[in-house]
Number of protein chains: 2
Amino acid sequence: MISRKSKYALRALLALAQAPDNTPLLIGDIAEREAIPRLFLEQILLDLKRNGLVVSRRGKSGGYLLLRRAETITFGEVLRLIDGPLAPLPCLSKMAYRRCADCTSEQACLIRKVFAEVAESTRAILDTATLADALAGRAPLTGADLA
Amino acid sequence: MISRKSKYALRALLALAQAPDNTPLLIGDIAEREAIPRLFLEQILLDLKRNGLVVSRRGKSGGYLLLRRAETITFGEVLRLIDGPLAPLPCLSKMAYRRCADCTSEQACLIRKVFAEVAESTRAILDTATLADALAGRAPLTGADLA
DNA sequence: CTTAATGTTGATCAAATTAGTCGTGTTTAG
DNA sequence: CTAAACACGACTAATTTGATCAACATTAAG
C-alpha cells in the first residue's frame with residue numbers, strides 16, 4: 001500500500017498539471033477539489049517545492065504552479081520522494097541500497113530473487129508512467145513491454 | 001517494503017521446506033539459523049499454523065513441520081496472511097477490496113490506472129512463485145510471461 | 001502605506017502499526 | 001514425574017502516519 005500522503009501528492013500534481021498555463025492554483029482550491037486536508041496539503045506542496053517539482057508565488061494572487069512539464073514527472077519519482085524506496089527489500093533498492101541486517105549472503109538469499117523480479121517490474125511501470133500519461137488515461141506499460 | 005515479519009515467515013517456511021521429511025524443526029533452531037528473534041518467531045509460526053501452512057507437535061521431541069507441499073505455497077499467500085493486501089491501493093485489492101474514502105469515481109481516478117498495472121504485475125509474480133521455486137533458485141516469472 | 005490574501009516554518013500531537021517481550025500456561029516422550 | 005517442547009494472551013517500546021497549530025513572511029491592490 002502506498003501512503004495517503006503519496007496519493008495526495010500525485011493528485012495535487014495532476015490538478016496542477018491540468019491548470020491553464022501560468023495560472024497558479026490555490027492550496028485551498030486544490031484541497032477542496034481533491035478532498036485533501038488543507039494543512040496536510042500545505043506540507044506536501046512544500047516538499048514538492050523543495051524538490052523542484054512545483055513553484056509557489058506568495059501574497060495576493062499567489063498559488064502553486066507545476067515547474068516541470070507533466071511529461072517529465074514520473075509516478076516513481078513522486079513516490080520515492082514521499083514514501084522512500086520503491087523496492088520491497090532494502091537490499092533491492094537501486095536508489096537507496098541498504099544491506100539487510102540479518103542477511104548473511106545476498107547471493108544465497110532465497111527470497112531475494114523473487115522480490116528482485118517484483119522490484120524490476122514495478123520500477124518498469126512506475127518510472128515510465130508520467131503525469132501526462134495519467135491525464136491521457138493511457139495505460140503505462142503492458143506486460144509485453146517488459147519482455 | 002515488506003515487513004520484517006513477512007520476511008521472517010518466508011525464511012522460516014523455507015527452512016521447514018528444507019527439513020528431511022517428518023523431522024520436526026525446533027522453533028529455537030529455526031530462530032538461530034535464520035537470525036530471527038525467538039519469541040517473535042513463535043508468534044509467527046502460530047499464525048502460520050492457524051492458517052494451515054504448518055503443523056506443530058508439542059512436548060519432548062516436538063517441533064514444526066510444513067503441512068502443505070512446498071510447490072503449493074506461494075509468496076503471495078504468505079504475504080497476504082502476514083502483511084495484508086498486496087495491492088498498492090485498497091480499491092485495487094481483489095482479496096480485500098475497500099473503496100478509497102476520498103475517491104468520488106473509481107472510473108475517473110487518474111492514478112488508479114497506473115497502480116492497477118502495478119497490482120497486476122506483482123500479483124502475477126507473487127501468486128506464482130512458490131517456496132519450491134525459491135529453493136530451486138528458479139526465477140519466478142520473466143517479463144515475457146506477463147504478456 | 002496599509003491591509004487582506006496568500007504561502008512558510010517548525011513544533012506538536014494522536015492514532016496506528018511494527019517489532020518485539022513476558023509470564024504463565026499445556027502437552028508429551030521418556 | 002519431569003524436562004523439553006509448543007500455546008496464548010497481555011503487554012510494551014519505538015516508529016511511522018496523518019494530520020493540526022500558531023506565529024510569521026511576502027505580495028498585490030487600493
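Remember, predicted model here, so these are calculated numbers, not experimental data. Proteins come first, then strands; the chains are lettered A, B, ... in the order of their sequence lines, and each starts at number 1.
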What residues in residues 38-61 of chain A put a non-hydrogen atom under 4.0 Å from any atom of DNA chain D? Leu39(A), Phe40(A), Gln43(A), Arg58(A), Gly59(A), Lys60(A), Ser61(A)

Look at Tyr8(B) and dT18(C) and indicate whether a side-chain polar atom (N or O) is within less than 4.0 Å of OP1 or OP2. no

Report the distance from atom [atom1] of [X] to atom [atom2] of [N], rounded to the nearest whole Å.
X	N	atom1	atom2	value
Lys5(A)	dT15(D)	NZ	P	18 Å
Met1(B)	dT17(D)	CE	C1'	17 Å
Asp83(B)	dA16(C)	CG	P	19 Å
Ile36(B)	dT18(C)	CD1	P	18 Å
Arg11(A)	dG18(D)	CZ	P	13 Å
Leu26(A)	dA4(C)	CG	P	18 Å

Keeping Asp133(B) on the side-chain end and Thr130(B) on the backbone end, is there a donor-acceptor pair under 3.5 Å? yes

Given that Gly28(B) and Ile2(A) both sit by DNA chain D, which one's nearest nucleotide is further toward the 5' end? Gly28(B)

Would you mind classifying the nucleic acid contact of Gly63(B) as base, sugar-phosphate or nothing, using non-hydrogen atoms under 4.0 angstrom? sugar-phosphate

Is Ile36(B) reachable from Leu81(B) through a run of I, L, V, M, F, W or Y residues, each pair having side-chain heavy atoms under 4.5 Å apart? yes

